[in-house]
Amino acid sequence: MDRINFGVIGTGWCGGIRAVAAANSALVDELHLAETNPERRAEIAEMTRPTTVTDRWEDIIDNPAVDAVAVSATPETLHFPMAKAALEAGKHVLLEKPIAVTLDEADELIEIAEANNLKFTIGYSQRFNSKQAMIKRSITAGTLGDVSSVLLSRHITRSLGAKISGRTKLSPAAMEATHDIDFALWCLEPRRPVRVYSQNAWGVRKDTLGCPDTQYLVITMDDGVVVTVGAGMSLPPGYPNQSTTWMEVIGTEGAILADASHRDIVLNTVSQGVQFPLSTMPGEYVDHVYAGPMERETTHFIEAVAYDRPVMVDAKLARVTMEIYLAADLSAERNQVVELPLSREDLISSLGEHAALA
């Protein structure tokens, strides 16, 4: 096993976490960073002491010493060209979700990775949470018997939702429910989705951002299991955390219910009032420990490259996740059920919709 040289393109919130995780890993020799914001570039360089730091992402792609890259740049329309360039340069890639804007782009990335025998994975970090891992184990072990239904409800605060929708007009299904779609597909493997029905709920975000407050999806799997996913982006400004999630899986021999609302720690101060700390989806450092999934996800990818192990998130399954949320957007627009896999007509409709939103 050789130590690897690791690059991070985009060192904002998620990219910064990945950069620090890589800097702390004994498996990483050289760390190379690319960030366009000069203040953030200086801040993250001070934290990680990289071998190189640049404002051009192409510098990392062109560097033959770099073995693997985390693409964490925004907006999401940058994912495809950056990931494609990295894969074509022979570098393993960890790409933040979504995998691409169109299924054709996703297919091209997967094909390049497979042709070059490269590890290519998508940042569905919720798989690395202990509660989600417990649900997955219970299903896989048969503890619940035959699964009949899965319900996943996720809501984020209005300010965080505005930040996300301010840089891209992708739907709540594409930007929030995508985590839970991926989680459900992972739990229910080898089942595959056959139809999707979705509805948007419009509220305070309609006039300001032109986006739904919440989107609900009902996904039917090929054996009849029903998955219901709700993704909201408009919790009131006074809500005391950033993300809240409820999960339940019902089976013939049992049920598992998981509360990931982050209400187990309450911080109450005169200046800030009640807060639920440690409630961000990627997690955060708390002095010498990390609370959340993203550090472990990054380390997992580094280990997969260094030890030549499989990655947790198969890009082909990420493509299925993408097809589901594209179908959900079409369903909400047409007010009808959409069958899977998507037809060529559906793909053209989806491309037109997302091109208009880009």
Side-chain angles (χ1 to χ4, degrees), residues 6-25 31-48 50 53-55 57 60 69-79 82-83 93-99 121-129 154-170 172 174-179 182 209 231 233 235 237 239-245 260 262 275-287 289-302 313:
F6 193 71
V8 181
I9 298 175
T11 59
W13 186 9
C14 294
I17 294 170
R18 299 199 190 281
V20 173
N24 291 339
S25 173
L31 177 62
H32 301 267
L33 306 179
E35 171 58 50
T36 57
N37 183 294
E39 291 80 14
R40 180 58 174 171
R41 188 166 63 244
E43 179 185 17
I44 200 68
E46 179 67 23
M47 294 170 61
T48 61
V53 59
T54 177
D55 62 354
W57 65 270
I60 290 182
V69 174
V71 177
S72 299
T74 56
E76 284 69 19
T77 50
L78 296 174
H79 287 189
M82 289 180 174
V93 173
L94 165 57
L95 175 63
E96 305 294 353
K97 59 82 182 170
I99 184 173
T121 190
I122 310 305
Y124 284 119
S125 56
Q126 299 309 294
R127 294 194 189 193
F128 292 84
N129 275 323
R154 178 184 305 279
H155 292 272
I156 63 174
T157 57
R158 199 168 294 182
S159 59
L160 182 56
K163 179 180 179 181
I164 293 170
S165 297
R167 70 173 187 249
T168 178
K169 289 300 184 289
L170 293 174
M175 294 305 294
E176 291 304 314
T178 183
H179 287 286
D182 168 76
L209 296 165
M233 308 176 81
L235 289 176
Y239 195 79
N241 71 351
Q242 294 203 49
S243 173
T244 182
T245 306
H262 302 284
Q275 296 172 280
F276 298 159
L278 309 183
S279 64
T280 65
M281 286 176 61
E284 59 196 82
Y285 284 96
V286 185
D287 292 334
V289 298
Y290 189 85
M294 189 163 283
E295 181 195 48
R296 178 58 196 145
E297 179 187 42
T298 307
T299 303
H300 163 80
F301 176 67
I302 291 169
V313 180

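Since we're looking at a predicted model, the values are computed, not measured.
The two residues L95 and P98 have their closest heavy-atom pair at CD2-O, 4.2 Å.
Using a distance-only test at 3.5 Å, with no hydrogens or angles considered, a donor-acceptor pair links the side chain of T298 to the main chain of M294. Side-chain atoms of H155 never come within 3.5 Å of backbone atoms of T244 as a donor-acceptor pair (strictly under, hydrogens ignored). At distances below 3.5 Å, at least one donor-acceptor pair connects side-chain atoms of H79 with backbone N or O atoms of E96. Checked by atom type and distance alone, the side chain of R40 pairs as donor or acceptor with a backbone atom of G12 at under 3.5 Å. In this structure a side-chain-to-backbone donor-acceptor pair under 3.5 Å is present from T121 to V313.
The side chain to side chain donor-acceptor pair (under 3.5 Å) test applied to N241 returns no partner, not counting sequence neighbours. By the side chain to side chain donor-acceptor pair (under 3.5 Å) test, Q242 is found to be paired with no residue, residues two or more places apart in sequence or in another chain being considered. Every residue two or more places apart in sequence or in another chain that forms a side chain to side chain donor-acceptor pair (under 3.5 Å) with T54 is listed here: D59. Every residue two or more places apart in sequence or in another chain was checked for a ring-ring contact (aromatic ring centres under 6.0 Å, His included) with Y239, and none qualifies. For R41, the salt bridge (Lys or Arg N to Asp or Glu O under 4.0 Å) test picks out no residue, with sequence neighbours left out. Applying the side chain to side chain donor-acceptor pair (under 3.5 Å) criterion to E295, with sequence neighbours excluded, gives Y285.
In this structure, the side chains of L278 and E284 come closer than 4.5 Å at one or more pairs of heavy atoms. The shortest side-chain heavy-atom distance between M281 and I156 falls under the 4.5 Å cut-off. Looking at T36 and W57, their side chains never come closer than 4.5 Å, going by heavy atoms from C-beta outward. Taking the side chain as every heavy atom from C-beta outward, K97 and E76 never approach each other to under 4.5 Å.
The line from CD1 of I17 to OG1 of T280 is 6.5 Å long, rounded to the nearest 0.5 Å. Going from atom CG of L33 over to atom OG1 of T48 covers 4.5 Å, rounded to the nearest 0.5 Å. Separation of atoms OG (S159) and CG (L235) is listed at 9.5 Å; rounding is to 0.5 Å. A distance of 7.0 Å separates OG of S243 from CD of Q126, quoted to the nearest 0.5 Å. Rounding to the nearest 0.5 Å gives a distance of 4.0 Å between CZ of R127 and CG of D182.
Contact check on E297 versus R18 returns a salt bridge, with a Lys/Arg side-chain nitrogen under 4.0 Å from an Asp/Glu carboxylate oxygen.
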